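To start, the structure itself, in structure tokens.
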Amino acid sequence: MDIFAILQSKKNKEAYQLLLLLEKQSEESAELYPLFEDFLGLLGSESAFVRVRGFRLACAQAKWDTENKLGTHLDRLLTMLDGEKPTAVRQCLAALGPVVRTKPDLAVRIRSSLDSMEPSRYGSSMAPLIEKDRLELKKLVELSAPVN
């Protein structure tokens, strides 16, 4: 099975099920950590679905990131918080929670991106949800790396 073919497939239901399976596997072992750069490669896709899958899987490797790959590529990952699709932005905010918990050294950089977000640009239905997600993550960041 070529997981990257499925993750990039237009069969979103199948790709989403694989994403969930890979995230669970990432929670339990470091087996997928060697694929970190491949997950990053998905960020270059034209499809927002594929980009989010790559983002989520890269973030899911946080607890196994002994080589500071997340820190090295964090700026690239954080550009996803400025995405056009509000549901994609919400998924990215959610995926950053485990990163903040396991890699508090990245919290200041994440906080900077959270501070520069403009949730109001997503319209009246999604802006409050994104703002809620942003504030929850910001609270977690502040617990991980308190402001002096």
Side-chain angles (χ1 to χ4, degrees), residues 1-103 105-138 140-141 144:
M1 165 173 75
D2 181 357
I3 65 169
F4 289 96
I6 296 170
L7 288 171
Q8 296 176 78
S9 169
K10 292 184 190 238
K11 296 178 183 177
N12 288 319
K13 186 175 180 180
E14 180 183 357
Y16 183 69
Q17 291 304 314
L18 178 61
L19 169 65
L20 294 177
L21 179 71
L22 295 175
E23 284 179 323
K24 183 174 179 1
Q25 188 176 351
S26 296
E27 178 65 29
E28 296 169 358
S29 81
E31 184 179 347
L32 297 175
Y33 181 63
L35 301 176
F36 182 90
E37 284 83 4
D38 297 312
F39 296 142
L40 274 182
L42 298 176
L43 298 180
S45 174
E46 290 184 20
S47 167
F49 289 120
V50 174
R51 289 192 305 271
V52 168
R53 291 173 200 142
F55 184 97
R56 287 175 56 172
L57 288 167
C59 289
Q61 307 314 307
K63 75 192 251 184
W64 314 112
D65 186 19
T66 57
E67 300 170 32
N68 195 34
K69 292 178 182 184
L70 273 165
T72 300
H73 298 282
L74 188 63
D75 293 340
R76 181 174 177 204
L77 286 162
L78 292 174
T79 63
M80 293 283 290
L81 298 182
D82 291 327
E84 294 299 316
K85 301 208 180 277
T87 53
V89 172
R90 292 193 73 204
Q91 287 188 58
C92 292
L93 287 167
L96 284 169
V99 173
V100 170
R101 282 189 285 280
T102 58
K103 302 201 60 82
D105 56 305
L106 302 179
V108 171
R109 291 169 59 196
I110 292 170
R111 179 180 29 219
S112 177
S113 286
L114 295 174
D115 288 344
S116 68
M117 287 182 72
E118 296 285 341
S120 61
R121 69 181 242 197
Y122 295 105
S124 61
S125 64
M126 291 302 286
L129 298 172
I130 290 174
E131 179 63 5
K132 178 180 170 275
D133 296 342
R134 184 185 78 84
L135 291 175
E136 285 177 10
L137 183 59
K138 191 170 178 179
L140 182 60
V141 163
S144 298

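If you're wondering where the values come from, they're calculated on a predicted model, not measured in any experiment.
With sequence neighbours left out, the side chain to side chain donor-acceptor pair (under 3.5 Å) criterion links E67 to no other residue. For E136, the side chain to side chain contact (heavy atoms under 4.5 Å, CB included) criterion is met by K132, not counting sequence neighbours. The side chain to side chain contact (heavy atoms under 4.5 Å, CB included) search around L135 returns E131, not counting sequence neighbours. With sequence neighbours excluded, the residues satisfying side chain to side chain contact (heavy atoms under 4.5 Å, CB included) with F4 are D2, L7, Q8, L35, D38, F39, L42. Annotation: side chain to side chain contact (heavy atoms under 4.5 Å, CB included) contacts of S112 (sequence neighbours excluded): none. Residues satisfying the side chain to side chain donor-acceptor pair (under 3.5 Å) test with R53, not counting sequence neighbours, are N12. A search for salt bridge (charged side-chain N to carboxylate O under 4.0 Å, His left out) contacts involving E46 returns nothing, not counting sequence neighbours. For the side chain to side chain donor-acceptor pair (under 3.5 Å) test, residues two or more places apart in sequence or in another chain that qualify with R121 are E84. In terms of the side chain to side chain donor-acceptor pair (under 3.5 Å) criterion, R51 has no residue partners (sequence neighbours excluded).
When side chains are defined from C-beta on, L32 does not count as touching E23, because their heavy atoms never get closer than 4.5 Å. Looking at heavy atoms from C-beta onward, V52 lies in side-chain contact with M80 at the 4.5 angstrom threshold. Between V89 and M117 there is a side-chain heavy-atom pair separated by less than 4.5 Å.
When every heavy atom of A127 is checked against every heavy atom of S120, the shortest pair comes out as CB-CA, 3.9 Å. Of all the heavy atoms in P34 and A30, the pair that sits closest is CD-O, 3.5 Å. Annotation for W64 and S26: closest pair NE1-O, 2.6 Å, computed over non-hydrogen atoms. Minimum heavy-atom separation, I130 to P86: CD1-CB, 3.6 Å.
Taken to the nearest 0.5 Å, the CG atom of L129 stands 14.0 Å off from the CZ atom of R134. Taking NZ of K138 as the reference point, atom CG of L140 lies at 13.0 Å (rounded to 0.5 Å). Atom CD1 in I3 sits 13.5 Å away from atom OG in S9 (nearest 0.5 Å). Note that CG of L106 and CG of N68 are 6.5 Å apart. Values are rounded to the nearest 0.5 Å. Atom CG of residue L78 and atom CZ of residue R109 lie 7.5 Å apart, to the nearest 0.5 angstrom. Within the model, atoms OG1 of T72 and CG of L77 stand 10.5 Å from one another, a figure rounded to the nearest 0.5 Å.
Each ring-ring contact (aromatic ring centres under 6.0 Å, His included) pair with one or both residues in residues 7-38, not counting sequence neighbours, would appear here, but there are none. Applying the salt bridge (charged side-chain N to carboxylate O under 4.0 Å, His left out) test to every pair with at least one member in residues 5-15, sequence neighbours left out, gives no pairs at all.
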Output side-chain donor-acceptor pairs under 3.5 Å for residues 93-103, partner residues at least two apart or in another chain, one line each.
residue : atom : partner : partner atom : Å
T102    : OG1  : P98     : O            : 2.8
K103    : NZ   : D65     : O            : 3.2

